[in-house]
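Just below is one structure, and these are the notes that go with it.
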Amino acid sequence: MKVRLPDGSELEVSEGSCVRDVAEAIGPRLARAALVGRVDGELVDLSQEVAPGSTVEIITEGSPEALEILRHSAAHVMAAAVKRLYGEDVSFAIGPAIDGGFYYDFDLDHSFTPEDLEKIEEEMSRLVAAGVPFRRSELDRDEALGRMKSDGQQYKVELLEEIDSDPVTLYELGGFTDLCRGPHIPDSSRVPAFKLTSVAGSYWRGDSSKKMLQRVYGTAFFSQKDLAEHLRLIEEARKRDHRRLGIELGLFSFHEEGPGFPFFHPKGMIVLNEILDYWRHVHRREGYLETRTPILLREDLWHRSGHWEHYRDNMYFTDIDDQGYAVKPMNCPGNMLIYKASQHSYRDFPLKMGELGLVHRHELSGVLHGLLRVRSFVQDDAHIFCLPDQLSGEVASVIDLCFEMYGRFGLDDVRVELSTRPDRSIGSDTQWQDATKALENALADRNVDYQVSPGEGAFYGPKIDFHIRDCLKRSWQCGTIQADLSMPERFDLEYTDSDGQRKRPVTIHRTVLGSLERFLGLLIEHYGGALPFWLAPVQAVVVPVTDEVMDYARDVYAKLRDAGFRVELDDRSETVGNKIRQAEVLKVPRMLVVGRREAGEGTVSVREHSMGDAGPAPLSEVLGRFSALVGE
RNA sequence: GCUGCUGUAGCUCAGUCGGUAGAGCGCGUCCUUGGUAAGGACGAGGUCAUGGGUUCAAAUCCCAUCAGCAGCUCCA
């Protein structure tokens, strides 16, 4: 019989050949390198028989999908090791490959310690050394169900009950049999490098009302070198952690007395204020009007806005003069009141009202994470009131604004997501369709790549989210553009149209940076703490070589300061080397060394952070360079 | 909130078998005036997260609380 190869050629193989036989027929080296096959587009085991005329591709280590398959198989090896070590009273949940590794969820009474992980690793090593084969088998669904029931594998039973296919496939390895679609590498010896990284709790099916399982994370590679490199990168990334850098650089701190509420130090405030200055500059240019609304507002407002109904669990409440008040978790209701304080004409539209509003949200204690997840933050909020046919255009201009601003901060790894109608939502089908369409059109118009998250929209409307990754590749939402189908109704917003009729405006609720706090955290990680000149809390340090030139140093310092730069004078009785090191550690962009030579010539010796000595220059020229850096 | 781990000087961390506490950095004073990533000496600084318990004796063992970390869930 003949099979087709990816390059279009045909190959003669004997009847009943499996993928491995095909690889063998192409070449013995390929057969040794083969991990799995792809037959007519579908990934299969090497042992899979191929039908005459099918297209067969051999997947080896170099193939893009190889690593995922390896890690999935490694998860099975780990599960087999756990079964051998902890016996029959372990229930197995799921064990997929994930970005950067794999995990397996177990249910057992004993809770895993780091020592257990070592033991499991050792057992895995034994399995790898033994080269235990993966055995695939097919079984009637009912038969498999009966078997998992008798084995007490409740999670597998639950999975089987929801599976449509019949028969189902099972994989056995080293005494551990798992319900699994496959495919798998041929045997455990093909997991050359692996490491178990951590253990953490996880709910069965991610549902907090269900039982908590123990999730063991690990990763696997095709070589020890790749594994070592991966671990090195993780270590490297940890050094960029904004929580560590924020303390080291004196930007902010956290205290037990206010969990989740960041304290900004003078240097942190400088960075925040620079961000705000820039924000105001572009928003004024775009025609936004700035507002400010109270932090505490009477409780009935929150009933009216729908927050009581949908967001109460995340809100802080208090009583004032026997009246119930709530601390605002969002800025919208306040801005709705501002809108209603005057009459509006279609001529005013689009009306863009921005508020840098401080909001408080009671987040679950376990989700707090440095500046990236806090309980109080400044949202760079804005509400855009417009006509229905302006919606798409306004969304598009916010998309432009987001990319422009992220670009200014050097952030280019931005993921865009469109979230559609959730189960629990308000508004009519037409409203949702129109709004979703408007968002899609805006994205298409601006040629933005995006993923769709079905059912992840806000209860009041569909939204576009902008995500940026932190140093450990965790993704955080920053900007969001939400069509708001709820507020105009709830607050009975109106405008007068050209025909004199009172009509309901369309509202967009949007942020660009999202939360100033989160944005700062991501900036710190993005730059590894070495913020660009225009954002750096200290832009330059004057380093006098000896006390003898202190007067000149003071003069240089004063001139820079008077020119509006953030500069410090290091007049400590320390060596030049020490002062330089200090400035390098604090990631100050420029160091200006002044000694006898410079004092005599009216120059400074410039040193650039992490770049070293950049040579002498007249002070006037340095002032010009600094101005250019700020404008960049 | 849930599961697991952790909490010792401003920061990073030692502290063995239960016997009342240590280093480096930083900070202060003095000496030193040094040319591009750590000059030297001396000194101050701790309710060992908090509250209970066991014990002749607790940083150390047990319980609870608080906070942090990883993850789940949730979200800007």
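To find a chain, count down the sequence lines: A is the first, B the second, and so on, and within it residues start at 1.
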| field | Exceeds 12 heavy-atom contacts within 6.0 angstrom, atom CZ of A/R238 | value | no

| said: When the P atoms of B/C48 and B/U8 are compared, how many Å lie between them, rounded to an integer? | reply: 12 Å

| Would you say A/R607 reaches B/A37's phosphate, i.e. side-chain N/O to OP1/OP2 under 4.0 Å? | yes

| task | Check every strand shown and say whether A/T511 touches a base, only sugar-phosphate, or nothing at a heavy-atom separation below 4.0 Å. | result | nothing

| note | Against the side chain of A/V593, the closest entry in B/C75, B/A37, B/G35 is B/G35

| query | Is the gap between the ring centers of A/F112 and A/Y86 under 6.0 Å? | reply | yes

| task | Return no unless some side-chain N or O of A/K463 is found under 4.0 Å from OP1 or OP2 of B/A76. | result | yes

| said: Reading RNA chain B from 5' onward, which residue's closest nucleotide shows up sooner: A/V576 or A/R243? | reply: A/V576

| What do the steps show when you test A/V538 against A/L586 for side-chain contact (heavy atoms from CB on, under 4.5 Å), and what is the final call? | CA-CA 9 Å; A/V538 178; A/L586 290 175; over 6 Å; no

| Rounded to the Å, how far apart are A/L364 CG and B/C72 C1'? | 11 Å

| task | Would you classify A/E598 as touching base, sugar-phosphate or nothing, given that sugar-phosphate means primed atoms plus P, OP1 and OP2, and contacts are heavy atoms under 4.0 Å? | result | base

| request: Looking at every strand, decide which applies to A/G595 at a 4.0 Å heavy-atom threshold: base, sugar-phosphate, or nothing. | output: base

| Nearest of B/G7, B/G1, B/A76 to any side-chain atom of A/F377? | B/A76

| field | Gap between atoms CG and P, on A/N578 and B/G26 respectively (whole Å) | value | 7 Å

| task | Run the salt-bridge test on A/R243 and A/D241 with the 4.0 Å N-O cut-off and return the result as yes or no. | result | yes

| task | Would you indicate what A/V359 reaches in the nucleic acid, counting non-hydrogen atoms under 4.0 angstrom: base, sugar-phosphate, or nothing? | result | nothing

| request: Could you work out the separation of B/G46 and B/C63 based on their C1' atoms and round it to a whole Å? | output: 25 Å

| NZ/NE/NH1/NH2 to OD/OE distance under 4.0 Å, A/E274 and A/R566 | yes

| query | Between B/A37 and B/A21, how far is it from one P atom to the other, in whole Å? | reply | 42 Å

With the criterion being N/O to N/O and under 3.5 Å, what pairs connect the protein with nucleotides 29-33 of chain B, and how long is each?
unit_1: B/U32; atom_1: N3; unit_2: A/S573; atom_2: OG; d: 2.6
unit_1: B/U32; atom_1: O4; unit_2: A/S573; atom_2: OG; d: 2.3
unit_1: B/U33; atom_1: O2; unit_2: A/D547; atom_2: N; d: 2.8
unit_1: B/U33; atom_1: N3; unit_2: A/D547; atom_2: OD1; d: 3.2
unit_1: B/U33; atom_1: N3; unit_2: A/D547; atom_2: OD2; d: 2.6
unit_1: B/U33; atom_1: O4; unit_2: A/D547; atom_2: OD2; d: 2.4

| request: Between A/V585 and A/G479, name the one whose nearest nucleotide on RNA chain B is closer to the 5' end. | output: A/V585

| said: Quiz question: going by heavy-atom distance under 3.5 Å, is there a donor-acceptor pair between the base of B/G71 and the side chain of A/Y203? | reply: no

| task | Select base, sugar-phosphate, or nothing to describe what A/G577 touches, counting heavy atoms under 4.0 Å on all strands. | result | sugar-phosphate

| task | Send over the distance from A/E257 CD to B/A49 C1', rounded to a whole Å. | result | 11 Å

| task | Would you tell me if any nitrogen or oxygen in the side chain of A/R510 comes within less than 4.0 Å of OP1 or OP2 on B/A76? | result | no

| field | Reported CZ-to-CZ distance for the pair A/F252 and A/F263, which is rounded to 0.5 angstrom | value | 13.0 Å

| Between A/D613 (CG) and B/G35 (C1'), how many Å, whole number? | 9 Å

| message | Rounding to an integer number of angstrom, what distance separates B/C56 and B/A41 when you compare their P atoms? | response | 47 Å

| Counting just side-chain N and O atoms, does A/H369 come under 4.0 Å of either OP1 or OP2 of B/G71? | no

| said: Regarding B/C75, can its base be found pairing with the side chain of A/R361 as donor and acceptor, where the two atoms are less than 3.5 Å apart? | reply: no

| Roughly how many Å is it from NZ in A/K328 to C1' in B/A76, rounded to a whole number? | 14 Å

| message | Of the options B/U36, B/G68, B/G71, whose atoms approach the side-chain atoms of A/I580 most closely? | response | B/U36

| said: Please report the distance separating the P of B/C75 from the corresponding atom of B/A58, rounded so that it comes out in whole Å. | reply: 49 Å

| query | Given atom NZ of A/K211 and atom P of B/G1, what is their separation to the nearest angstrom? | reply | 22 Å

| said: Surrounding NZ of A/K195 (heavy atoms of other residues, nucleotides or ligands, distance under 6.0 Å), is the total greater than 12? | reply: no

| message | At 4.0 Å (heavy atoms only), tell me whether A/H255 reaches a base, stays on the sugar-phosphate, or touches nothing. | response | nothing

Identify each atom pair where a protein N or O and an N or O of nucleotides 3-6 of chain B are less than 3.5 Å apart, giving names and distance.
unit_1: B/U3; atom_1: O2; unit_2: A/G201; atom_2: N; d: 3.2

| field | Whole-Å C1' distance, B/G45 and B/A23 | value | 14 Å

| task | Measure from the side-chain heavy atoms of A/Q379 and tell me the nearest of B/A76, B/G68, B/A67. | result | B/A76

| Basic-acidic side-chain contact under 4.0 Å: A/R232, A/E235 | no

| Centroid distance under 5.5 Å and plane angle under 30°, A/Y217 vs B/G71 | no

| said: From NE2 of A/H307 over to P of B/C75, roughly how many Å is that when rounded to an integer? | reply: 13 Å

